[in-house]
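Notes for the one structure printed next.
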Amino acid sequence: QVHLVQSGPEVKKPGASVTVSCKASGNTFASYGISWVRQAPGQGLEWMGWISVYNYKTNYAQKLQGRVTLTTDASTTTVYMELRSLRSDDTAVYYCAQGHSYDAFDIWGQGTMVTVSS
Amino acid sequence: DIQMTQSPSTLSASVGDRVTITCRASQSISSWLAWYQQKPGKAPKLLIHKASNLESGVPPRFSGSGSGTEFTLTISSLQPDDFATYYCQQYNSYSGTFGQGTKVEIK
């Protein structure tokens, strides 16, 4: 079974950018796409966007359009999430998950804490 | 983006109770709805996909129903391990928005 392993915690200043990685074990993507979901402290789940690992097409949440970019490196079975112009309310645990349109999120990474603080 | 509204936000129940959580979509999503369980400090766990399909390994006391804009998650007999927060999610062709969550607490 595929496992998703994310990069470690990050601390950033407001206005900076952060990149979080998500590597599929076994050097294979078992599903059509990878999604990103975040969860601010004490809050619910927020879908950020998804990317097809085959044709690299992306869809992003309207709220994050222009600040978030998802990319994939098929040679290393790794997906990257870049979030720019960070604000304090971007402080959250960021999860990657195997899933896409018409494909529920059945496997999740362990989560990456991103803290935005001056 | 499609909006998802769950009710109630919090639910107090006892072991053995039958529990129902409702999720409403702002427009029709056919059956492209999933339910997740999340415990503190852990990633969400998929329970049900395509509105009523039980994920492999999930106990049969969990069931889902509905289509279009109205959906329900039912736990037929609440067990101690079921006290957690539950989220619905629509995953149609454009987005994957979640409901705000329902916390199931011990009464």
Side-chain angles (χ1 to χ4, degrees), chain A residues 1-6 9 20 22 24 30-52 55 57-66 68 70 79 81 92-113, chain B residues 1-10 21 23 25-26 28-58 62 64 71 73 84-104:
Chain A
Q1 184 170 359
V2 171
H3 291 278
L4 300 177
V5 180
Q6 300 181 220
V20 181
C22 171
S31 175
Y32 182 71
I34 296 289
S35 298
W36 288 83
V37 176
R38 70 179 181 177
Q39 186 170 37
Q43 302 301 306
L45 302 172
E46 179 183 14
W47 175 76
M48 300 178 66
W50 53 41
I51 183 168
S52 163
N55 62 21
K57 288 186 69 174
T58 55
N59 265 54
Y60 301 119
Q62 288 182 358
K63 174 184 176 182
L64 295 172
Q65 283 275 3
V68 65
L70 303 182
V79 174
M81 185 281 298
V93 176
Y94 288 74
Y95 294 101
C96 64
Q98 175 176 272
H100 198 268
S101 58
Y102 308 124
D103 188 14
F105 299 4
D106 60 345
I107 297 173
W108 293 67
Q110 83 275 21
T112 297
M113 183 70 211
Chain B
D1 291 345
I2 296 174
Q3 306 303 312
M4 305 300 293
T5 304
Q6 274 181 249
S7 60
S9 297
T10 306
I21 299 169
C23 181
S26 60
S28 177
I29 55 170
S30 184
S31 295
W32 301 110
L33 184 104
W35 290 97
Y36 301 85
Q37 177 193 68
Q38 188 182 32
K39 296 182 178 179
K42 301 293 187 181
K45 172 187 175 182
L46 177 65
L47 299 176
I48 287 170
H49 61 95
K50 211 169 178 189
S52 61
N53 292 276
L54 200 65
E55 180 71 355
S56 176
V58 174
F62 291 93
F71 302 87
L73 171 71
T85 301
Y86 294 84
Y87 295 91
C88 64
Q89 181 209 20
Q90 67 80 22
Y91 52 105
N92 74 351
S93 59
Y94 300 108
S95 64
T97 44
F98 290 88
Q100 78 276 21
T102 296
K103 185 174 183 180
V104 177

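So that the names make sense, note that chain A is the first sequence line, chain B the second, and so on, each numbered from 1. Values in this document were obtained by computation on a predicted structure and should not be read as measured data.
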What part of [X] lies closer than 4.5 angstrom to a heavy atom of chain A: side chain, backbone, both or neither?
| X | answer |
| --- | --- |
| Tyr87(B) | side chain |
| Pro44(B) | both |
| Lys42(B) | backbone |
| Ala34(B) | side chain |

**Request:** Taking atom CD of Gln65(A) as the centre, report whether more than 12 heavy atoms of other residues, nucleotides or ligands fall under 6.0 Å from it.
**Result:**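 More than 12 heavy atoms, drawn from other residues, nucleotides or ligands, come within 6.0 Å of this atom.
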**Asked** Any chance OH of Tyr94(B) has more than 12 other-residue heavy atoms, nucleotides or ligands included, within less than 6.0 Å?
**Response**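 Incorrect, the count does not exceed 12.
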**Asked** Under a 4.5 Å heavy-atom cutoff, which of Leu46(B), Asn92(B), Leu33(B), Ile48(B) has the most pairs with chain A?
**Response**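 Of Leu46(B), Asn92(B), Leu33(B), Ile48(B), Asn92(B) has the most heavy-atom pairs under 4.5 Å with chain A.
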**Prompt:** Looking just at side-chain N and O atoms, do Gln37(B) and Tyr86(B) make a donor-acceptor pair shorter than 3.5 Å?
**Reply:**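 Yes, Tyr86(B) and Gln37(B) have a side-chain donor paired with an acceptor closer than 3.5 Å.
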**Message:** Can a side-chain donor-acceptor contact be found between Thr97(B) and Gln90(B) if the only test is distance below 3.5 angstrom?
**Reply:**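 The criterion, which ignores hydrogens and geometry beyond distance, is satisfied for Thr97(B) and Gln90(B).
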**Asked** Charged N to carboxylate O under 4.0 angstrom, Glu46(A) versus Lys63(A)?
**Response**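 Judged by the 4.0 Å cut-off on N to carboxylate O distance, Glu46(A) and Lys63(A) do form a salt bridge.
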**Item:** Side-chain donor/acceptor of Thr102(B) to backbone N/O of Pro8(B), under 3.5 Å
**Value:**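 Looks like yes, one N/O pair under 3.5 Å.
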**Residues which pass side chain to side chain contact (heavy atoms under 4.5 Å, CB included) with Ala97(A), listed by chain and number, not counting sequence neighbours** =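 Ala97(A): side chain to side chain contact (heavy atoms under 4.5 Å, CB included) contacts with Phe105(A), Trp108(A).
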**Asked** Listed by residue number, which members of residues 34-43 of chain A have a heavy atom under 4.5 Å from any heavy atom of chain B?
**Response**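 From residues 34-43 of chain A, the residues near chain B are Val37(A), Gln39(A), Gln43(A).
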**Request:** Would you mind reporting whether Gln89(B) and Met4(B) have side-chain heavy atoms less than 4.5 Å apart?
**Result:**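 No, their side chains stay 4.5 Å or more apart.
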